[in-house]
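Chain A is the first sequence line, chain B the second, and so forth, proteins listed ahead of strands; every chain is numbered from 1.
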Amino acid sequence: MSDYKPEKIEKKWQQKWDDDALYRAEVDWTKPKHYALTMLPYPSGDLHIGHWFAMTPSDARARYMRMKGYNVLFPMGFDAFGLPAENAAIQRNIHPATWTHANIERMRKQLKSMGAMFDWEREAVSSEPAYYKWTEWFFKQFYEADLAYRNEAVVNWSPTLQTVLANEQVIDGKDERTGQPVIQKMMAQWFFRYTRYADELLDFSKIDWPEPIKIMQTNWIGRSEGAKVTFKVETGDDEITVYTTRPDTLWGATFMVLAPEHPLVDKITTDAQRAQIDAYKEAAAKATEIERSAEDREKTGVFTGAYAINPVNEEKIPIWIADYVMITYGTGAIMAVPYGDQRDFEFARKFGLKIVAVVKPEGADSVPNPDEMTEAYAGSGVMVNSGAIDGTVHNGAKGRKSPAVDAAITYLEAQKIGEEAVNYRLRDWLISRQRYWGSPIPMIKTVDGTYETVPDGGLPVELPADVEMTGFGNPLANHEEFVHTVDSQGRPARRETDTMDTFMCSSWYFFRYLSPKYNDAPFDPEEAAYWLPVDVYTGGAEHATMHLLYTRWFNKAMRDLGMFDETIEIMHDNGRTPEEIMYGEPMLLLRNQGQVLGGERPGDYILATGRFEGDKLFADRVEVVNGPNAVPAGFEGVFGEITKRTESIIQVDMAGVNHVVEVVPDAEVIIPAIAGENNVNQLKHHLEIQRMSKSKGNVVNPDELVEKYGADVVRAYLMFGFDWTKGGPWDPSQVSGPQRWVHDVWTMVTAGAPNSGGGDPAINRHVERKVHQAIDGVSYSLERFSFNTAVSALMTLRNQMQAFIKTGQIGKDAWTNAMNVMLRLMAPITPHMAEELWAHLGFDYSIHQQEWPEYDAEKAKEDMVTLVVMVNGKPRGEEPVSPEIEKDEAIKIALANENAQRFIEGEPKKIIFIAGRKGQEPKVNIVV
RNA sequence: GGGGCAGUGGCGUAAGGGUAGCCGCGGCGGUCUUAAAAACCGCUACCUCCGGGUGUGUGGGUUCAAAUCCCACCUGCCCCACCA
């Protein structure tokens, strides 16, 4: 019966929508606006099922908002600069621009097959000169406002290739292409003053963002309160300043540790120690920061031979270098208090350094003997052996909220040996990349070594097209014509050859969408005044601490440089309060989707022995073995891969046959890979958890799915089959549910009304009720980005309608009205089919310009509901009652319930009535 | 190592502190068919003395009431600055 042909109707409607400019979003001050934004893709080659998973639900939400009466802008573009284009260039001898543009062409076509309401007139591509002219312009503005500066930073340097490598190009300290060693090298680079906005970035009060994102950003910024303390080096005039969050423990500082890169190291090192120090520095240069900061690593370090004087007690303390101190955090030097800091404690134990107890733990009778301690004590207590602050209390609070810290800071400031200080884990934003395929940094280095900006007329500094991509050296630095220029006084000068981090491009793309062809500024203030800020932003949570923090910084810097001034004026002229812009927050609401995963993880291979009961093995011994090829001779038990584990019940695949093994309590579990005593919880079962990636060959191509099922079914499946915020493994076997749903609706509508007359009024009333319950369910779900429950509510309506139609008693008008509403509810999810069936029923084009159905609670109401009678919180009986039942009446009925009475002895202690909220039954809980 | 998140039937998942498992997938039984597919109907957590009892990773706690809130643990996933 179903002659649903998605390949025909989808193309047809996409073409018509395009011809009619149905999704063109234009400024219209008479209508409320809604700027819906989904993260722009990197043009890697093919659209991934993950793009569909991120974008089609976002599209459904944008469509819903449009039907709710908003003027919706939902644009799309490409984040087109980046490393993969260069890799392609090197491997296939193709220009990065050619590769990128070809990919964009292909992906644009794939994106269009989604049937999303993208306004393609607004498309922006970050690698086009018309775009990166403004990326450069932003850099210039930031530089002139002292938000950009030059400083040294560590890079992965390949001596073989004479080039800087990305972290992902470095595998085990070696370049992935040549296998040659990579070293850590200091290089002068461009930074933005990210930390200047650290405190403002900690304020989330004006935005509705997911709690985890706010927590991650807060931790990432890592504000800490403490003090800076200056130590004098014993000989010479040198001073070493340290930052500490625990200045109260200064009396317990028994040595100092400098980062190996600390500038004073060479100067203070004694001749006797020099060889050792140099060797250590060289070794440290080879390790990455993540490796170095791993706390489970054995502590290493070398004594410099020099001593410092502890300013509070004049003690002479040795100065060491060690790689657990980072040059990038604080001052690159620490005072080591082995009593109170675990890392310092381990270091002191390893090298036999002195430990002095400075805190008497809360509730302890005496101060611990440092020689008997097995770990540092970082808790609260009373300060001891601490001179001026002896007896003050450290209560565990941060900064001056701890009395001991407060006393220490006051003392340090009075003695002029230190001062209160705030430190951030956040570091300034290093935007320099020694790469070709990025936006050039519009700076010129003059003959006297100073920098000046490229004048506005010189923007954009365009990337030269005739470069050779060999992977050796920096193509821009090797391009003579590009490098040689003149400065403002006509003297020969050199262009900056670093390009910008691509996060710079993606920090402002949603401004460019407003007016991608605008030539007088990054964006047209007339457009900005209407559309800004972004109302809803959707994308992956993996951007929590990078893109999503950079773009907030960028927006605040733009605000402070007056880039919104004109926009704000226009807002005023149109009666709009510009407060939202003044907050300096680019996106008011953020929601994250999860990831669609693919592939599999194998389970542990086990040998299990014990006692069989039928087919089930009660195992008293389980051993994890290497793989499927190790069956010992004469083995009796179960051997195979664990496919599933629920507590102590294990499903084992033994040569294709499933066996159930129950691991008895106290069974011996042996897992060689996990040291120490093992238990059943550590057994790994088969899981499908891997991320999709080309190298694993488990990427799902949406084009094939669209061809097979149609875009509407793929959209419906992606929205229905997952918790959108979680994502999950790809499982094509689950497509059939949504597929049946779409086909059923098609069949239902094309079959026409089952009854040409008025039908049974009671049935018609039921239909109306279920339709309104569906309006409520779908609206509530879409409002909350809960796409799976939206589809679920529509499937429920399908089931109910099928049952009503089967009676043959549904009237023509009731049926037509039900179909009319159902199609409008489906329009955001399955836009093509909804449009086709809408036209089939003779309603006015386009369904996407219709209003969202209005919910009427009266119409949705049931005549009778079930009163749940509970005793001590357990359901004991049910009684049919009116949904409006009052408390007293409900309690009376509940107490009269026969079954419930069996559980009530004597007088109830308490009776609680829970009113029947929307969609829920009233309840009475009788406590006895 | 640091940070974040998650754990519910065979599977994907639902549940606004208030009857755990909505909606699907799969499976089992049936109808129709020469047969199969499709479609349609029914069943589908465990135990039970048939009264009921148990059950949301484990162990505690708060509450009249906990999948939901709190604490600890176990397991897994994601992010960590030149991948985007």
Side-chain angles (χ1 to χ4, degrees), chain A residues 1 39-42 44 79 81-84 87 155-156 164-170 211-213 215-216 218-220 222 289-297 425-427 429-430 432-435 438 501-503 506 540-547 549-550 594-595 597 601 644-647 651 679 681-684 687 689 691 720-723 725-729 731 733-738 740-741 780 784 786 788-789 791-796 798-799 806 866 868-870 872-876 878 902 908-912 914 917-923 925-928:
Chain A
M1 169 71 218
M39 289 181 187
L40 84 176
Y42 175 79
S44 55
D79 186 17
F81 275 134
L83 184 63
N87 286 337
V155 293
N156 299 310
V164 173
L165 298 173
N167 283 340
E168 71 161 17
Q169 294 174 301
V170 182
E211 214 52 44
I213 299 285
I215 293 167
M216 280 190 261
T218 301
N219 291 331
W220 188 253
E289 194 149 306
I290 291 168
E291 287 163 9
R292 280 175 53 173
S293 58
E295 269 183 35
D296 56 348
R297 243 171 111 246
R425 206 186 73 99
L426 188 75
R427 301 172 206 163
W429 179 6
L430 196 177
S432 277
R433 300 290 182 270
Q434 290 71 40
R435 287 277 161 67
D501 180 1
T502 56
F503 280 122
S506 57
E542 67 272 19
H543 292 287
T545 52
M546 290 173 282
H547 164 61
L549 199 50
Y550 290 132
Q595 275 187 338
L597 307 170
R601 181 194 75 182
K644 170 84 188 162
R645 182 175 64 76
T646 321
E647 281 313 293
Q651 313 282 326
N679 65 58
N681 288 326
Q682 296 167 324
L683 292 169
K684 282 186 191 150
L687 255 188
I689 51 152
R691 238 181 117 151
F720 177 73
F722 303 84
D723 171 347
T725 59
K726 265 169 64 186
D731 181 1
S733 72
Q734 308 265 347
V735 177
S736 46
R740 268 179 210 145
W741 171 55
Y780 178 70
R784 301 189 320 154
S786 176
N788 52 349
T789 54
V791 178
S792 167
L794 284 161
M795 285 178 172
T796 304
R798 179 253 333 245
N799 295 344
K806 199 171 268 181
T866 307
V868 178
V869 184
M870 301 197 284
N872 287 338
K874 287 193 199 307
R876 295 300 182 186
E878 293 179 351
R902 298 192 301 117
K909 283 194 196 120
K910 201 174 181 182
I911 300 177
I912 289 128
I914 305 112
R917 254 184 329 204
K918 202 165 52 175
Q920 285 179 339
E921 319 293 5
K923 295 172 192 73
N925 188 16
I926 302 161
V927 184
V928 295

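Protein atom CG of A:D501 is 12 Å distant from nucleotide atom P of B:A81, rounded to whole Å. Here B:C79 presents its C1' atom at 19 Å from NZ of A:K726, a figure rounded to the nearest Å. For the pair A:N788 CG and B:A15 C1', the interatomic distance rounds to 12 Å; values are reported in whole Å. Whole-Å rounding puts the A:H543 NE2 to B:G4 C1' distance at 16 Å. To the nearest angstrom, C1' of B:C80 lies 14 Å from CD1 of A:I213. A:M216 places its CE atom 14 Å from the P atom of B:C78, with the value rounded to the nearest Å. As a whole-Å value, the separation of A:I914 CD1 from B:A66 C1' is 13 Å. Here B:G1 presents its P atom at 17 Å from CG of A:N219, a figure rounded to the nearest Å.
Here the CD1 atom belonging to A:I914 is positioned 4.5 Å from the CE atom belonging to A:M870, to the nearest 0.5 angstrom. Between the CG atom of A:L794 and the OG1 atom of A:T789 there is a distance of 10.0 Å, given to the nearest 0.5 Å. To the nearest 0.5 angstrom, A:M39 atom CE is 4.5 Å from A:H547 atom NE2. In this structure, the separation between OG1 on A:T866 and CD on A:E878 is 5.5 Å, given to the nearest 0.5 Å. Between atom CZ of residue A:F503 and atom NE2 of residue A:H543 there is a gap of 6.5 Å, rounded to the nearest 0.5 Å. Rounding to the nearest 0.5 angstrom, the gap separating the CG atom in A:L549 from the OG1 atom in A:T218 is 9.5 Å.
In this structure, A:S432 reaches the bases: a heavy-atom distance under 4.0 Å links it to at least one base atom across the strands shown. If you check every strand for non-hydrogen atoms under 4.0 Å, A:G438 touches nothing. Using a 4.0 Å heavy-atom cutoff across all strands shown, A:W220 reaches at least one base atom of the nucleic acid. Within 4.0 Å of A:H547, counting heavy atoms only, lies no atom of the nucleic acid at all.
With sequence neighbours excluded, the residues forming a side chain to side chain contact (heavy atoms under 4.5 Å, CB included) with A:A793 are A:V778, listed by chain and number. In terms of the side chain to side chain contact (heavy atoms under 4.5 Å, CB included) criterion, residue partners of A:P875 (sequence neighbours excluded) are, by chain and number, A:V868. Remark: A:R425 pairs with A:W220, A:Y329 by the side chain to side chain contact (heavy atoms under 4.5 Å, CB included) rule, at least two apart or across chains.
Two residues, A:F722 and A:K806, neighbour RNA chain B, and the one matched to the more 5' nucleotide by heavy-atom proximity is A:F722. Two residues, A:V155 and A:T545, neighbour RNA chain B, and the one matched to the more 5' nucleotide by heavy-atom proximity is A:T545.
No side-chain heavy atom of A:R435 sits less than 4.5 Å from a side-chain heavy atom of A:F81. A 4.5 Å side-chain heavy-atom check between A:W429 and A:D501 finds at least one atom pair inside the cut-off. Using a 4.5 Å cut-off on side-chain heavy atoms (C-beta onward), A:N156 and A:N167 make contact.
B:G60 and B:G51 have their C1' atoms separated by 32 Å, given to the nearest Å. With both ends at atom C1', the span from B:U48 to B:A66 equals 26 Å, rounded to whole Å. Of the C1' atoms belonging to B:C83 and B:A20, the separation is 43 Å, rounded to the nearest Å. B:U56 and B:C69 have their P atoms separated by 15 Å, given to the nearest Å. The C1' atoms of B:C74 and B:C28 are separated by 36 Å, rounded to the nearest whole Å. A distance of about 29 Å separates the C1' atoms of B:G17 and B:C78, rounded to the whole Å. Comparing the same atom, P, in B:A72 and in B:G10 gives a spacing of 31 Å after rounding to whole Å. B:A45 sits 16 Å from B:U13 when the C1' atoms are compared, rounded to a whole Å.
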| Base-pair map of RNA chain B as dot-bracket, where | denotes pairing with a different strand and pairs are Watson-Crick or G-U under 3.5 Å | (((((((..(((.....[....)))((((((.......))))))(((....)))..(((((..]....))))))))))))....
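A side-chain donor-acceptor contact under 3.5 Å links A:N925 to the backbone of A:G873.
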| remark: 5' to 3', nucleotides 50-55 of chain B under a 4.0 Å protein heavy-atom cut-off (B base, S sugar-phosphate only, - none) gives -SSSS-
| field | B/S/- contact track for nucleotides 19-26 of chain B, protein heavy atom under 4.0 Å | value | BS-BBBSS
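The side chain of A:L83 approaches B:A84 more closely than any other nucleotide in the set B:C78, B:C80, B:A84. Comparing B:G4, B:A65, B:C78 against the side chain of A:N925 picks out B:A65 as the nearest. Comparing atom distances between the A:N167 side chain and each of B:U13, B:A81, B:A84 picks out B:A81 as nearest. The A:I912 side chain lies nearest to B:C64 when the options are B:A14, B:A81, B:C64.
In B:G29 the O4'-C1'-N dihedral to the base is more than 90° from 0, which defines an anti nucleotide. Classified by its glycosidic torsion, B:G57 falls in the anti category, the angle being over 90° from 0.
The two residues A:M216 and A:T545 have their closest heavy-atom pair at O-CG2, 3.7 Å.
A stacked arrangement is assigned to A:Y780 and the six-membered base ring of B:G16, with a centre-to-centre distance below 5.5 Å and an interplanar angle below 30°.
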